[in-house]
Amino acid sequence: MASCSSSAPFTSCHQYVNDFSRQLKCPGLSHSRELQKAQFLRSQRASKVLAYYGLKVPPYKLDALEPYLSQRTLEMHWGKHHRNYVEGLNKQLEKNDVFYGHTLDELIKVTYNSGNPLPEFNNAAQVWNHDFFWESMQPGGGNVPKLGLLEQIEKDFGSFTNFREKFVEAALTLFGSGWVWLVLKRRERRLVMVKTSNAVNPLVWDDIPIICLDMWEHAYYLDYKNDKGKYVNVFMNHLVSWNAAAGRMARAEAFVNLGEPRIPVA
């Protein structure tokens, strides 16, 4: 076995100091190399965390939507179901690095695989859908959108009342579990209603989501049992965040030309 002394050339310890997985044999270098080893391992752990996806917290306290959605519902829906999707996705991504570096949006489009979803699609899409759903609501929500968003809804649906009726109808006629979306179609340059089953969301068709409503049973059963109609109407009357929708619409207009802006006349 080779040995090292303080006067020996540095290269004589090369086989030891470059292998972080083996115990260092040079006492004079041991402390500094052990520090480097610890830093290396920490950086490896950090890179793994950055490669995966975290559980985002809703933009309000879990009791903030009461009495319309209870804290109990959010603790179960966000704290259990949403968390399970995040953890399930990360376990799938641990198996290989083929999807390393993808944003969640990109991961959804890639794993949708032109309508033949890969195993990672369901969890990836459900993580995105739930993040978007929590941000589609706010305490003191509901009522009617303002300014440009309201004008676009009236243009594309005839009136806000007509839009609201179509949204409720879409939610109540959705077969099985899924989601209801208001989206901006890029090519048609208009707002439309979209229903999707299970985890599918409008990103797979390159649509731009504006608001969404979760129609999976676990989203409403604790508070409304089987009364989906009451749940949907409560969402429209008291929960939907038109502030968030307006912000999304403003960002969407950076990619979709909806015509000349209307400039108020003084």
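Owing to the predicted nature of the structure, the values given are computational and were not obtained by experimental measurement. For the numbers below, each heavy atom of this structure counts, side chains included, while hydrogens, waters and symmetry mates do not.
- At least one side-chain heavy atom of E217 sits under 4.5 Å from a side-chain heavy atom of N226.
- S197 places none of its side-chain heavy atoms less than 4.5 Å from the side chain of F175.
- Judged by distance alone, the side chain of N90 and the main-chain N or O of Y53 form a donor-acceptor pair under 3.5 Å.
- Looking at every heavy atom in both residues, L149 comes nearest to A245 through CD2-CB, 3.7 Å.
- Taken together through direct or relayed side-chain contacts under 4.5 Å among Ile, Leu, Val, Met, Phe, Trp and Tyr, W134 and V57 form part of one hydrophobic cluster.
- In this structure, a donor-acceptor pair under 3.5 Å is absent between the side chains of W242 and N143.
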**Asked** Between I208 and V183, is a side chain to side chain contact (heavy atoms under 4.5 Å, CB included) present by the stated rule, with each step listed?
**Response** CA-CA 5 Å; I208 303 175; V183 306; 6.0 Å; no
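- Under a 3.5 Å cut-off, the side chain of N237 and the backbone N or O of N233 do form a donor-acceptor pair.
- Side-chain contact of D214 with H77: a donor-acceptor pair under 3.5 Å is present, judged by distance alone.
- A heavy-atom distance below 4.5 Å is found between the side chains of W78 and L55.
- In this structure the side chain of H102 never reaches within 4.5 angstrom of the side chain of K109, judged on heavy atoms.
- Taking every heavy atom of both residues into account, P209 and W128 meet most closely at CG-CH2, 3.7 Å.
- Residues I211 and L172 share a single hydrophobic cluster, defined by chaining ILVMFWY side chains whose heavy atoms lie under 4.5 Å apart.
- Considering CG of L118 and CG of L107, their distance stands at 9.0 Å, rounded to 0.5 Å.
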**Message:** Between Q152 and D156, does the side-chain hydrogen bond (donor to acceptor under 3.5 Å, both in side chains) criterion hold? Intermediate values first, please.
**Reply:** CA-CA 6 Å; Q152 192 65 42; D156 295 332; 2.9 Å; yes
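- Aromatic pair H130/W216: centroids not less than 6.0 angstrom apart.
- Linking Ile, Leu, Val, Met, Phe, Trp and Tyr whenever their side-chain heavy atoms come within less than 4.5 Å puts L258 and F160 in one cluster.
- Distance check: F132 CZ to L104 CG gives 13.0 Å after rounding to the nearest 0.5 Å.
- Salt bridge status for E75 with K80: absent, with no side-chain N to carboxylate O gap under 4.0 Å.
- When the side chains of ILVMFWY residues are joined at heavy-atom separations under 4.5 Å, either directly or via intervening members, Y221 and V180 end up in two distinct hydrophobic clusters.
- Exactly one of N129, D105, T196 qualifies for a side chain to side chain donor-acceptor pair (under 3.5 Å) with N201. That residue is N129.
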**Message:** One pair to check against side chain to side chain contact (heavy atoms under 4.5 Å, CB included): D223 and Y231. What are the steps and the verdict?
**Reply:** CA-CA 8 Å; D223 292 326; Y231 165 66; over 6 Å; no
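- One side chain, R248 or S136, offers a donor N or O that lies under 3.5 Å from an acceptor on the other.
- Summarising the local packing, NZ of K195 is surrounded by more than 12 heavy atoms from other residues, nucleotides or ligands at distances under 6.0 Å.
- Looking at I210 and W181, their side chains never come closer than 4.5 Å, going by heavy atoms from C-beta outward.
- Closest heavy-atom contact between Q138 and L65: C-CD2, 3.7 Å.
- No cation-pi contact links R164 to F157, judged by a cut-off of 6.0 Å to the six-membered ring centre and 45° from its axis.
- Nearest heavy atoms, R251 versus F255: O-CD1, 3.4 Å.
- For the pair N113 (side chain) and N116 (backbone), a donor-acceptor distance under 3.5 Å is present.
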**Message:** The test is side chain to side chain contact (heavy atoms under 4.5 Å, CB included); show your working for Q71 and K61 and say whether it passes.
**Reply:** CA-CA 9 Å; Q71 179 175 344; K61 293 182 178 180; over 6 Å; no
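- A 4.5 Å side-chain heavy-atom check between F163 and L182 finds at least one atom pair inside the cut-off.
- Two residues are said to be in side-chain contact when any heavy atoms from C-beta on lie closer than 4.5 Å; V194 and W179 fail this criterion.
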**Asked** Hey, mind stepping through E87 and L89 against side chain to side chain contact (heavy atoms under 4.5 Å, CB included) and telling me if it holds?
**Response** CA-CA 5 Å; E87 293 176 353; L89 175 61; over 6 Å; no
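- The distance from atom CD of E120 to atom OH of Y112, rounded to the nearest 0.5 Å, is 16.0 Å.
- Under the 4.5 Å side-chain heavy-atom criterion for Ile, Leu, Val, Met, Phe, Trp and Tyr, M193 and V204 are members of the same hydrophobic cluster.
- The nearest pair of heavy atoms linking L62 to P58 is CD2-CG, 4.2 Å.
- Atoms CD and CG, from Q126 and N84 in turn, are 11.5 Å apart once rounded to the nearest 0.5 Å.
- Atom OG1 of T173 and atom NZ of K228 lie 9.0 Å apart (nearest 0.5 Å).
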**Request:** Kindly indicate, with the supporting measurements, whether the criterion salt bridge (charged side-chain N to carboxylate O under 4.0 Å, His left out) is fulfilled by R186 and D206.
**Result:** CA-CA 8 Å; R186 294 177 187 264; D206 205 30; 3.3 Å; yes
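- Scanning all heavy atoms of the two residues, the minimum distance from H82 to K56 falls at CE1-O, 4.4 Å.
- Side chains of Y60 and L74 form a contact here, defined as non-hydrogen atoms less than 4.5 Å apart.
- Here M137 contributes atom CE and Y68 contributes atom OH; the two are 14.0 Å apart, rounded to the nearest 0.5 Å.
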